[in-house]
Amino acid sequence: MAKISAGIATSHVPAIGAAIDLGKTGEPYWQPLFKGFEFSKQWMRDNTPDVIFLVYNDHATAFSLELIPTFAIGCAASFAPADEGWGPRPVPTVQGHAELASHIAQSVIQSDFDLTIVNKMEVDHGLTVPLSLLFGQPKAWPCRVIPFAVNVVQFPPPSGHRCYQLGKAIRRAVESFDEKLNVQIWGTGGMSHQLQGPRAGLINKEFDRRFMDRLISQPDALSQLPHIDYIRDAGSEGIELVMWLIMRGALNAEVKPVHRFYHVPASNTAVGHLILENLS
Ligand code: DHB
Ligand code: FE
C-alpha cells in the first residue's frame, strides 16, 4: 500500500530559481531566504520519498489562454523544464510515475473530480523552483514526481473548499495503490503577492501568518475562505494559496509541524514554507 508520509508547502518565485542557477544564494539579499530552507534540505535527505505528488500552477507556459484545465495530472514518464524566456533552467528533467499517476487519475475521476490527463508537458518555475529549494542542485532529482497543475492564473480559479476536498480524494487514491510507496504531497505557490495593477507589490504578513496557523490546526474552517478574500487580502496572485489546501486535505486532521519559515520579500512575493508530518 502506498502512504502519504508528509506534506510540504512552499512558495515559488522565478527569481529564486535564477539566484540558485547563477550562484547568488550567498548574496545579502538572498542569504536569509535560503537559510530558511537549510533545515528542510537536511530533512529531505533524511526523509526522501519514493514519489512527490507536486501540486503547482503553470504560468501560461504549458497551457496558454487557448486551453485552461482547472486540474491537470501529469501521467507522462518524464517532464522537461520549460523555456520561460531565458532558456530552460539548468535543472534535471523530472521523472514521473505513470502507473501511480494513472491510478490516481482513475480513482479521483471516478470519485467525481474531473481531471485533465496530460501525457506530454513541460514544467515551469511553479514546479522546478520548489524542487530546487528543497533539493538544491543535484544531477538528477532523487525521487519521482507527479506534476499536478491547478489553474490559478485565469479567472475562475477553483475554490479552496474544492481543493481541500480534492486533497482528500487524492489521499484515498494513493492509499488504494497496490505497491509499497512512500509518497509526499507538496502544495506550492503563494503567499501574498500581486504582480500587476495599482496594488502591485501588495504583501500582507498578518494574513499569511494566520493562513499558516489555520492551515495547520483549522483546515476545515480555512477551506471555507471565499476566493474574493484571497484576492482582497493576499493580492491577485495570493490565490495560488488554494493549492496548499489540496496538500492539507491529503493529510490527517492532526499533523506535526516540523518546520515553519516565513520571509519577505523575495522579488514581489512573501515566501512561506511548512513541513507537516502525517502522524499515523
Ligand atoms: C513572482 C511571483 C510569482 O508567483 C510568479 O509566478 C512570478 C513572479 C515574483 O514575485 O516576481
Ligand atoms: Fe506564481
Side-chain angles (χ1 to χ4, degrees), residues 8-22 24-25 27 29-30 32-34 36-37 54-65 68-72 74 79 81-89 91 94 121-134 147-158 160 163 186-205 207-208 211-212 227 230-247 261-274:
I8 292 184
T10 180
S11 307
H12 66 235
V13 176
I16 293 175
I20 294 170
D21 301 342
L22 301 173
K24 295 183 172 180
T25 58
E27 291 188 356
Y29 180 84
W30 290 112
L33 170 83
F34 289 104
F37 285 84
L54 204 158
V55 180
Y56 77 108
N57 70 291
D58 179 77
H59 299 76
T61 305
F63 308 120
S64 70
L65 293 184
I68 307 171
T70 301
F71 300 116
F79 305 88
D83 183 348
E84 296 179 66
W86 292 270
R89 287 192 61 213
V91 294
V94 168
M121 174 166 73
E122 292 181 347
V123 285
D124 74 9
H125 69 273
L127 183 131
T128 62
V129 165
L131 288 174
S132 298
L133 277 169
L134 275 297
F148 189 87
V150 180
N151 169 42
V152 287
V153 165
Q154 178 66 25
F155 189 84
C163 288
W186 292 15
T188 65
M191 296 191 87
S192 58
H193 64 302
Q194 172 145 345
L195 301 178
Q196 73 256 292
R199 297 201 310 162
L202 179 146
I203 299 280
N204 186 341
K205 293 183 188 172
F207 175 93
D208 290 339
F211 187 91
M212 287 212 254
H227 124 272
Y230 287 88
I231 307 287
R232 187 190 298 114
D233 294 336
S236 52
E237 277 65 49
I239 191 64
E240 288 178 346
L241 282 168
V242 293
M243 296 185 289
W244 293 29
L245 281 162
I246 298 180
M247 175 273 282
F261 176 65
Y262 183 72
H263 175 77
V264 176
S267 187
N268 303 289
T269 299
V271 169
H273 170 43
L274 289 169

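Atoms within a ligand are numbered from 1 in the order they appear, just like the ligands themselves. Heavy-atom basis, side chains included; hydrogens, waters and symmetry copies ignored.
With Glu237 as reference, Gln196 is the one residue of Gln196, His59, Gln194 to meet the side-chain hydrogen bond (donor to acceptor under 3.5 Å, both in side chains) rule. Here the options are Phe34, Tyr262, Phe37, the test is ring-ring contact (aromatic ring centres under 6.0 Å, His included), and the partner is His273; only Phe37 passes. Under the side-chain contact (heavy atoms from CB on, under 4.5 Å) test applied with Val242, the options Asn57, Val152, Val55 reduce to a single match, Val152.
Here the side chains of Thr188 and Leu127 are not in contact, with every heavy-atom distance at 4.5 Å or above. With contacts defined as side-chain heavy-atom distances shorter than 4.5 Å, the pair Phe148/Met243 does not qualify. For the pair Glu240 and Tyr230, the minimum side-chain heavy-atom distance is 4.5 Å or more. Residues Phe261 and Thr10 form no side-chain contact, since every pair of their non-hydrogen atoms from C-beta on lies 4.5 Å or further apart.
Between the NE2 atom of His12 and the NE2 atom of His59, the angle centred on the Fe ion (ligand 2) amounts to 90° when rounded to 10°.
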**OP:** Begin from the C-alpha positions of Leu54 and Leu131 and carry the test side-chain contact (heavy atoms from CB on, under 4.5 Å) through to its verdict.
**Re:** CA-CA 9 Å; Leu54 204 158; Leu131 288 174; 3.9 Å; yes

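Of all the atoms in ligand 1, the ones that sit under 4.0 Å from a non-hydrogen atom of Thr269 are 1 (C), 2 (C), 9 (C), 10 (O). Here is the list of ligand 1 atoms found below 4.0 Å of a heavy atom in Glu240: 4 (O). The ligand atoms of ligand 1 that sit less than 4.0 angstrom from a heavy atom of Val13 are 9 (C), 10 (O), 11 (O). For ligand 1 and Leu195, the ligand atoms under 4.0 Å from any heavy atom of the residue are 1 (C), 5 (C), 7 (C), 8 (C), 9 (C), 10 (O).
Contacts between Pro14 and ligand 1, counted as non-hydrogen atom pairs separated by less than 4.0 Å, involve the side chain only.
Taking a 4.0 Å cut-off on heavy atoms, Ala15 fails to register as neighbouring ligand 1. Ligand 1 is approached by His193 to a heavy-atom distance shorter than 4.0 Å.
From the protein, the heavy atom lying nearest to atom 11 (O) of ligand 1 is Ser267 OG, 2.6 Å. Nearest protein heavy-atom neighbour of atom 5 (C) of ligand 1: His125 NE2, 3.5 Å.
Within Glu240, the N, O or S atom at minimum distance from the Fe ion (ligand 2) carries the name OE2.
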